[in-house]
Number of protein chains: 2
Amino acid sequence: MKTECIGDYVKFNGKAYPCTVSLTMNLIGGKWKAVILYHLKDGEKRYNELRKEIPSITEMTLSLQLKQLEKDGLITRKVFGKKPPVKVVYDLTRLGESFVPVLEAITQWGNKAVTDNGEFVHS
Amino acid sequence: MKTECIGDYVKFNGKAYPCTVSLTMNLIGGKWKAVILYHLKDGEKRYNELRKEIPSITEMTLSLQLKQLEKDGLITRKVFGKKPPVKVVYDLTRLGESFVPVLEAITQWGNKAVTDNGEFVHS
DNA sequence: CTGTATCCTGCGCGATACTG
DNA sequence: CAGTATCGCGCAGGATACAG
């Protein structure tokens, strides 16, 4: 099976990419998107839960990345309640769920790389 | 098996990351690294071969990304000949080869995403 | 053939403060 | 509780010219 560069380029959500590797890296690349998806893989989470589980991300960046992931169809955003404090829940879409195996592969590779050539640090 | 955040952070090549997903995305993230690795997955390639197969990358960026991939231990660079024109060959290291399954997962996901929600364009 | 040197631009991302 | 507004830095990466 040919797994790349079927056709001359690919279009997704109106944007063009030279190949599907490129496309994937654009959708889930960057410093945080994969990490966020990772934390959603076991079920929905609230905004503040994500913040606590990813302490080094800022509010603004988390908010921005969530918006982009939603726009690209990887996660959903649901609001409960009308008056503050409202409750907002993020969850994977089907497309997002189909990405979980890739996430697992990424995680396992990272773990093996660290085991072989790096170190796990406990402070 | 716990696949993330073993310890409080991880160290790789002297750099610290909050988790292994983060680490992986740093090593092969960015606009081109995964694409380059993809083109090396079936065996060594020369500089110009890579240029031709990835037309939209510039010489400078290709050169820079190759250097970073070499520094991170994902590829090797071998020079043949002393006087110009010399021949330079890039190849995956063992670490790089161990990344191929991840690459396949990324590619397949991208292909499915395009098949379902995008389009393959022939010009 | 395989790069480097320079210059430059966009934007990802952080810091901090504020809001419904 | 779940964000936005504003400001700005740093750096990846493009254009173009040059080099061993």
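Every chain is numbered from 1 and lettered A, B, ... according to where its sequence line falls, protein lines coming before strand lines.
Dashed line: the shortest gap from a side-chain N or O of B:S63 to OP1 or OP2 of C:dT4 is under 4.0 Å. Side-chain nitrogen and oxygen atoms of A:K67 include at least one within less than 4.0 Å of the OP1 or OP2 phosphate oxygen of D:dT4. Of the side-chain N and O atoms in B:Y90, one or more sit less than 4.0 angstrom from OP1 or OP2 of C:dG3. Put simply, A:R46 has a side-chain N or O that comes within less than 4.0 Å of OP1 or OP2 on D:dA2. Phosphate proximity of C:dT2 to B:R77: absent, as no side-chain N or O sits under 4.0 Å from OP1 or OP2.
Between the NZ atom of B:K52 and the C1' atom of C:dG3 there is a distance of 15 Å, rounded to whole Å. The CZ-P distance, from A:R51 to C:dA15, rounds to 13 Å in whole Å. Protein atom CG of A:N26 is 13 Å distant from nucleotide atom C1' of C:dC11, rounded to whole Å. Between B:L62 atom CG and C:dA5 atom P there is a gap of 16 Å when expressed in whole angstrom units. Across the protein-nucleic acid pair, A:K45 atom NZ and D:dC1 atom C1' stand 18 Å apart, rounded to whole Å. In this entry the distance linking CG of A:L50 with P of D:dA2 reads 10 Å, nearest Å. Distance A:E70 CD to D:dG3 C1': 13 Å, rounded to the nearest Å. Protein atom CG of B:L66 is 15 Å distant from nucleotide atom C1' of C:dC1, rounded to whole Å.
With a 6.0 Å cutoff to the six-membered ring centre and a 45° limit on the axis angle, B:K87 counts as a cation-pi contact of B:F80.
Contact between A:I106 and B:M25 at its shortest, heavy atoms only, is CD1-SD, 4.2 Å. Closest approach of A:W32 to A:Q65, counting heavy atoms only: CB-CG, 4.1 Å.
Salt-bridge annotation for A:K41 and A:E104: present, with a side-chain N of the basic residue lying under 4.0 Å from a carboxylate O of the acidic one. Between A:K78 and A:E44, none of the side-chain N atoms (NZ, or NE/NH1/NH2) sits under 4.0 Å from a carboxylate O, so this pair counts as no salt bridge.
Just one of A:L69, A:I75, A:L27, A:N26 meets the side chain to side chain contact (heavy atoms under 4.5 Å, CB included) condition when paired with A:K33; it is A:L69. Applying the side chain to side chain contact (heavy atoms under 4.5 Å, CB included) test between A:E49 and each of A:R51, A:K52, A:R46 identifies A:R46 as the sole match.
B:K83 comes within 4.0 angstrom of nothing in the nucleic acid, heavy atoms only.
From one end of the helix from C:dC1-D:dG20 to C:dG20-D:dC1 to the other, with five pairs defining each end axis, the axis direction shifts by 60° (rounded to 10°).
Checked by atom type and distance alone, the side chain of B:T93 pairs as donor or acceptor with a backbone atom of B:L74 at under 3.5 Å.
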Taking only N/O atoms, report every protein-nucleotides 8-13 of chain D pair under 3.5 Å with atom names and distance.
{"from": "D:dG13", "atom 1": "OP1", "to": "B:K31", "atom 2": "N", "distance (Å)": "2.6"}
{"from": "D:dG13", "atom 1": "OP2", "to": "B:Q65", "atom 2": "NE2", "distance (Å)": "2.8"}

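Side-chain contact of B:S98 with A:W109: a donor-acceptor pair under 3.5 Å is present, judged by distance alone.
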